[in-house]
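A quick write-up on the structure given underneath.
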Amino acid sequence: MDSLILASLVLPVFGAAGILLAGRWPNLRESVTIVTAVATFACVVQLVEPVLAGSQPGVRLFELFSGLPVAFRVEPLGMIFALVASGLWIVSSIYSIGYMRGNGEHDQTRFYVCFALSIAAALGIAFSANLLTLFLFYEILTLITYPLVTHSRTEKAKRGGRVYLAILMGTSMLFLLPAIIYTWHVAGTTDFRVGGILPATLTPGALTALLALYMFGIGKAALMPFHRWLPAAMVAPTPVSALLHAVAVVKAGVFSVVKVVAYVFGAGVLAGQTGWLIAVAAFTILAASIVALRADNFKRRLAYSTVSQLSYIVLAAVVLTPLSTVGAALHIVSHALGKITLFFTAGAIYTAAHQTEISQFDGIGRRMPWTMTAFTIGSLSIIGIPPFVGFVSKWYILSGALSAGMLQVAAVFLLSTLLNAAYLLPIVHRAFFREPVHDDHHGEHGEAPPFMVIAVCLTAAGTLAVALFPDVLVGLAQRIVSGGGV
Amino acid sequence: MALAQHLPALQVILPLISAPLAILFRRAGPAFLIVTAAAWLSFAIAIALFLQVDASGLISYPMGNWQPPWGIEYRLDRLNSFMLVLVSGMAAVVLPYARGSIEREIPHESHYMFYAMLGLCLTGLLGIVITGDAFNLFVFLEVSSLSTYVLIAMGRDRRALTAAYQYLIMGSIGATFIVIGIGFLYLMTGTLNLADMVPRVAVIESSRPGLAALAFISVGVSLKVALFPLHQWLPNAYTYAPSSVSAFLAATATKVALYALIRFYFTVFGDSFVFGKLPLPEFMLILSLFAMLFANAIAIFQDNLKRLFAYSSVGQIGYITLGLSFDSVHGVGASIMHLFNHGVAKGAIFLLIGGAVARMTTRQAAPPAPTFERIAGLSKAMPLTCFGVVLGGLSLIGVPGTAGFVSKWYLVLAAMEKGQWWLVGAILVSSLLAVAYVWRFVEAAYFRAPPAGRETGKEAPFALLIPGWLLILATLWFGLDTSFTAGAALDAAQQLVHSGN
Amino acid sequence: MLAHFTNIITVFLMVAGLFIITARGNLIKKLVGLSLFQTSVYLLYISPGKLIGGTAPILSPAFTVYSNPLPHVLILTAIVVGVATLALGLALTVRIREAYGSIEEDEILALDHSVEDDEARESH
C-alpha cells in the first residue's frame with residue numbers, strides 16, 4: 001500500500017527524467033509521457049478500493065522539523081482529486097500531442113517535463129497527510145507551472161507570468177505560511193484530523209482571522225480579490241490551461257480549502273462563523289460570471305467561468321452540511337471534466353481556425369462538428385443540465401444549502417446557473433446557427449488534428465459516463481462525511 | 001590516539017602552517033596542493049570535533065598545556081563546533097574552485113600568494129570560532145581581516161583596491177573598537193578567558209566601564225557583521241573581489257563575526273542582562289528591520305549581479321540579528337541555522353556566477369562584470385549555471401524544500417511566540433522582496449535574447465560548476481534533512497538562552 | 001581630573017584619530033588617523049598595568065607590588081597588528097596611486113563614477 005502511494009508520486013518524476021532523455025526523439029518522448037500517465041493512473045486506481053472500504057493508507061517519510069514529518073495519507077477527498085488529476089493527465093497528454101505538433105510549438109521537451117512534474121506535485125498535494133506536506137507541494141506546484149505559463153517566452157507571457165507568480169507566491173507567503181505556522185504553534189501538530197486540530201481555547205476573533213489567512217492564502221482557489229492570476233495564466237498554451245488551470249492547479253486550491261475547513265478547523269468549530277466567507281464566495285461566483293459574460297476572448301471567458309465555479313466548491317464547503325460537502329467533492333470532478341472539455345475546444349479552434357475571439361466563431365460548428373458537439377456537451381454539464389455529471393454535483397450542493405436553510409445561497413446558485421447558460425449557450429448558438437464568415441480573416445479549415453478531437457470527445461463522453469456510473473465517486477465523496485469528516 | 005586529543009589545536013595550526021609553506025614553494029601548483037590539503041584536513045577535523053562535542057558535550061583544550069584562565073584555552077560547545085563545520089566546509093569547496101577561477105582574475109605569478117592568503121584567512125576564521133580567550137579572538141580576527149583585505153585587493157578591477165582600502169579602514173576601526181571593549185572587560189574582571197569572565201562580568205556589567213565595554217564590542221562586531229548601517233564596505237568588497245573570494249567571504253566572514261556577537265552577548269554578558277535590562281532588543285529589532293527591508297529593496301534595483309547578491313546578504317544578515325533580538329530558543333536557533341543555511345546558499349550563488357563570468361572572459365581581457373545586460377539569455381548557453389542560481393535564489397526566498405525555508409519557519413515561529421504579528425508580516429514581506437530580485441535574474445537569463453554570438457556559447461567550466469552545484473545540492477539536502485542544522489542550532493540555542501525572557 | 005590624565009590623552013587620541021579618518025580625503029592621512037586611533041588603545045591598556053610603586057614583573061622576595069605584564073604583552077601584539085595594518089594600507093595606497101593616478105578620495109570617486117557612467121551609457 002505504501003509503495004503504491006510512493007509509486008504514484010515517483011512515477012511522474014521518473015517519467016520526467018525519461019522525457020528529458022528522450023528529448024531528441026519526439027515519438028519516443030511522447031510515448032514515455034503516455035506510458036507514465038497510464039502507469040500513474042493505474043497506481044492511483046488501485047488505492048480506490050481500500051479507501052472506499054474505509055481504511056486510509058498512509059506513509060510517513062522523514063521529519064522536516066522535529067515533530068513535523070513529510071507524510072502522506074490517502075483519504076477519500078484526496079482520492080477523488082488524485083483520480084481526477086492522474087486520469088485527466090492521460091487525456092490531456094493525448095491532447096497535448098495534437099496541440100503541440102499542430103502548432104509547431106518550440107521547447108516541447110521542456111513542456112512535457114514540467115507537465116509531468118506538475119502532476120507529481122498535484123498528487124503530492126492530494127495525498128498530503130499534514131499542512132506542511134501540503135504547503136511543500138503547493139509551492140512546488142506554483143514554481144513548476146511557471147515555465148509552463150510563460151512557455152511562449154514573449155513579453156506578454158512574461159507579464160502574465162509575473163502576475164501569476166506575484167499573486168500565488170504573495171498569497172502563499174504572506175497568508176498561508178503564517179497560518180500554518182500559527183496552527184503549529186497553537187495546536188502542536190499540522191496533521192489533518194477528523195474534527196479539526198485547533199484547540200478550543202482559540203477566540204472567535206483569532207479563529208476568523210486564521211480562517212481568513214487560510215482562505216486568502218490558498219490563492220489557487222481564486223477567491224476574489226486574489227483571482228487575477230487565473231486570467232493572467234491564460235497566456236499559456238491551451239493544454240496547460242486545460243489540465244492545470246481547469247484541473248490540477250485550481251483543484252489543488254479548492255481541495256486545500258476543503259481539507260482545511262474539514263480537517264484543520266472541523267465543521268463543529270466553524271459553525272456559524274463562516275458568514276463572511278459565504279459572502280466572499282457568493283460575490284466571487286456572481287462577479288466572475290458577469291465578467292465572463294462580457295469577455296470576448298474565449299479563454300478569458302473560460303477563465304472567469306473557472307473562477308466562478310471554484311467558488312461553488314468553496315461555498316459548498318463552508319455551508320458545512322454533509323450533503324454540500326459531498327457536492328463540493330463531486331463538483332471537483334464534474335467541473336474538471338466539463339471545463340477541460342471547454343478548454344480543449346479553445347485549443348482546437350485556435351489550432352484549426354486560428355481564432356481566439358468568440359465574435360469570430362460564427363458557423364464554426366459546421367466546420368468542426370465533433371469539437372463543437374463536445375463543447376455543447378461540456379457546456380450543458382457546466383450549466384448543470386441532466387443527464388450530465390454537472391447536474392449531479394449541483395444537485396447535492398443545492399440540497400445541502402436548502403437542508404441548512406440557507407435560501408440566499410440557493411438563490412445565488414440558481415442565479416449563477418442562469419449566468420452560466422448566458423455565457424456558454426450563445427457560443428453554441430453562434431457555432432451552429434450562424435453562417436460562417438468568408439473573408440481573409442477566416443481561411444478554409446476543417447476539424448482539429450485527430451489527437452485533439454479524440455481527447456475532447458473522451459472528456460465530453462466522460463461527463464455522461466460518470467453521471468451514468470457514479471458509484472465509485474459518489475461512494476468516495478460520501479465516505480468523506482461518513483468517516484466523520486464533517 | 002594522542003593526535004585525537006590535539007584536534008582543537010590542529011584545527012587552527014594546519015591552515016596556519018600551510019600559508020608560509022605555500023609562500024616557501026613560490027609556485028602555484030605546490031601552493032595549491034598544500035593549502036587545499038590543509039583545508040580538507042581542517043574540514044575532517046571540524047567534523048570529528050563536532051561529533052566529539054555531540055557525544056561528550058563541552059571540550060576544553062588548554063594551548064601548550066597552560067591551564068586556563070591564565071593560559072589560552074580552546075573551548076568547544078555546540079555553537080562553535082557547528083560554525084567550524086561551516087567555515088572549513090566552505091574552504092574545502094572553494095579552494096578547488098579557486099584553482100580554475102583565479103586563472104583569469106589574478107596574474108599567474110601571484111597565485112601562490114593568493115593561496116597563502118586564503119590559508120591565513122581560514123586560520124583566522126577558524127581561530128575566532130574555536131578560541132575561548134578574548135584577546136586571542138581579537139588576534140585571529142585581525143589575522144583573518146588582514147588576509148581578507150589582501151584577497152579582495154587581488155580582484156582584477158581597480159575598484160577592488162579601493163574596496164579593500166575602504167574595508168581596511170572600516171574593519172580596523174571595528175577591530176580596534178572590539179579590542180577597546182575587551183580592554184575594558186579585562187580591566188574590570190581581571191581575566192581574558194571568556195568562560196572565566198562569565199561570573200565576574202555578572203558583577204560589574206551594570207557599571208559604566210562594563211556598559212562601555214558592551215557598547216564598544218557591539219559597534220565593533222556590527223561593523224564586521226555589516227549590520228545596517230555599518231554595511232557600507234560589503235557591496236564593494238563582494239562585487240570587485242575575485243569570485244572565489246566573494247563566495248568564501250559571503251559564506252563565512254560575516255557569519256563568524258555574528259558568532260562573535262552571539263558569544264559576547266549570550267555567554268559573556270548573559271542574555272538576561274543584554275536583552276533583559278538594556279534596550280538592545282528594540283535597537284537590534286529596528287536595525288534588523290532596516291536591513292531586511294531596505295537592503296533587499298536596494299538589491300532589486302542593482303544592475304550588477306554580484307552587487308545585487310551583496311545587498312541581499314546585508315538583508316539576510318538582518319534576519320539573523322532579528323532572531324537574536326528575540327532572545328528565545330526558537331529565535332536564536334533560527335539565527336544560528338540561518339548562519340549556515342544562508343552561507344551555503346549565498347556561497348553557491350557566488351560560485352555559480354563566478355563560473356559564468358569565467359566562461360565569458362576572453363583571453364587576457366579583464367573579466368566582464370556580470371550585469372543584467374551581459375547575462376541576458378544566459379540560460380541558452382549555460383542552463384546548469386542558471387538553474388543553479390535559481391535554486392539558490394529559491395533558498396534565499398525561503399521556498400519549502402530549501403534550507404532557507406527551515407530558518408524562516410523558526411524565525412516566524414519565534415516572532416509569533418512573542419506575539420509580534422507585525423514582525424511576521426515584515427519578515428514575509430522581505431521574502432517577497434527576495435522574490436523580486438531573484439525573478440529579475442530569471443527573466444533576464446531565461447526570457448531575454450542573448451546578445452549576438454552567444455547562443456552557441458558553452459556551459460561554465462566544469463571545474464567551476466561542480467563546487468557551486470555541490471553547495472546547491474547541500475542547500476536542497478539541508479532543506480529536507482534538518483537534523484544537522486536545526487538540531488545543532490536549537491541545541492546551541494538551548495545552551496545559550498538561559499533565562500529565555 | 002589630573003589623576004586620570006592618561007585616560008584624557010587616550011580619549012583625545014581616539015577621537016583625533018577617528019576625526020582624521022572621516023574628515024580627511026587623502027588616503028595616507030586616513031592611515032595616519034587610523035594609527036593614531038590604534039595608539040590610543042595601547043595607552044588604554046598599558047597605563048592601568050603600571051601600578052604606582054610596582055616593579056618589573058620578576059619574582060623576588062624583596063618586592064610585593066609588581067606591575068602587570070599582561071597588558072604589555074597584549075599591546076605588543078596589538079602594535080604588531082597595527083604595523084601590519086599600516087603596511088598593508090600603505091601598500092594598497094601605492095597600488096591605488098598606480099591605478100588611479102591620485103590618492104585623494106574625491107578624485108578617485110569622481111574617476112570611478114565617470115567610468116561607471118561610461119559603462120552604463122555603452123550598455124544601453
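None of the values given here were measured: they were computed from a predicted structure.
- Looking at B/Ile182, the atoms closer than 4.5 Å to chain C (heavy atoms on both sides) sit in the backbone and in the side chain alike.
- In this structure, B/Arg448 places its CZ atom where more than 12 heavy-atom neighbours from other residues, nucleotides or ligands lie under 6.0 Å away.
- Ranked by heavy-atom pairs shorter than 4.5 Å toward chain C, the options B/Ser172, B/Ser145, B/Gly171, B/Ala164 are led by B/Ser172.
- B/Ile180 places a side-chain heavy atom less than 4.5 Å from the side chain of C/Met14.
- Chosen from C/Val41, C/Thr10, C/Ile21, the residue pairing most often with chain B at heavy-atom distances under 4.5 Å is C/Val41.
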> Between B/Leu168 and C/Leu31, does a side chain to side chain contact (heavy atoms under 4.5 Å, CB included) hold up when you go through it step by step?
Replying inline: CA-CA 10 Å; B/Leu168 183 146; C/Leu31 288 170; 4.0 Å; yes
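- Centroid-to-centroid, the aromatic rings of C/Phe37 and B/Phe177 come within less than 6.0 Å.
- The candidate from C/Ile96, C/Leu74, C/Thr85 with the greatest count of non-hydrogen atom pairs under 4.5 Å with chain B is C/Leu74.
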> Does the pair C/Tyr100 and B/Thr162 meet the rule for a side chain to side chain contact (heavy atoms under 4.5 Å, CB included), with working shown?
Replying inline: CA-CA 10 Å; C/Tyr100 284 90; B/Thr162 48; 3.8 Å; yes
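- Within the 3.5 Å criterion, the main-chain N or O of C/Thr93 finds no donor-acceptor partner in the side chain of B/Tyr165.
- Atom CZ of C/Arg97 has 12 or fewer neighbouring heavy atoms from other residues, nucleotides or ligands inside a 6.0 Å radius.
- Per-residue heavy-atom pair counts under 4.5 Å with chain C were compared for B/Val143, B/Leu192, B/Thr176, B/Val150, and the maximum is reached by B/Thr176.
- With values rounded to the nearest 0.5 angstrom, B/Arg158 atom CZ is found 5.5 Å from C/Leu111 atom CG.
- For the pair B/Tyr186/C/Pro48, no side-chain contact is recorded, criterion being any heavy-atom separation below 4.5 Å from C-beta on.
- With rounding to the nearest 0.5 angstrom, the CD atom of C/Glu105 is 8.0 Å from the CD atom of B/Gln166.
- Between chain B and the residues C/Thr77, C/Leu88, C/Val81, the most heavy-atom pairs under 4.5 angstrom are made by C/Leu88.
- The part of B/Val139 that comes within reach of chain C is its side chain, from C-beta onward, which places non-hydrogen atoms under 4.5 angstrom from that chain.
- The part of B/Phe135 that comes within reach of chain C is its side chain, from C-beta onward, which places non-hydrogen atoms under 4.5 angstrom from that chain.
- For the atom pair B/Ile173 CD1 and C/Thr22 OG1, the distance stands at 8.0 Å (nearest 0.5 Å).
- In this structure, B/Gly183 and C/Tyr45 approach most closely via the heavy-atom pair N-OH, 2.9 Å.
- Looking at B/Ile169, the atoms closer than 4.5 Å to chain C (heavy atoms on both sides) sit in the backbone and in the side chain alike.
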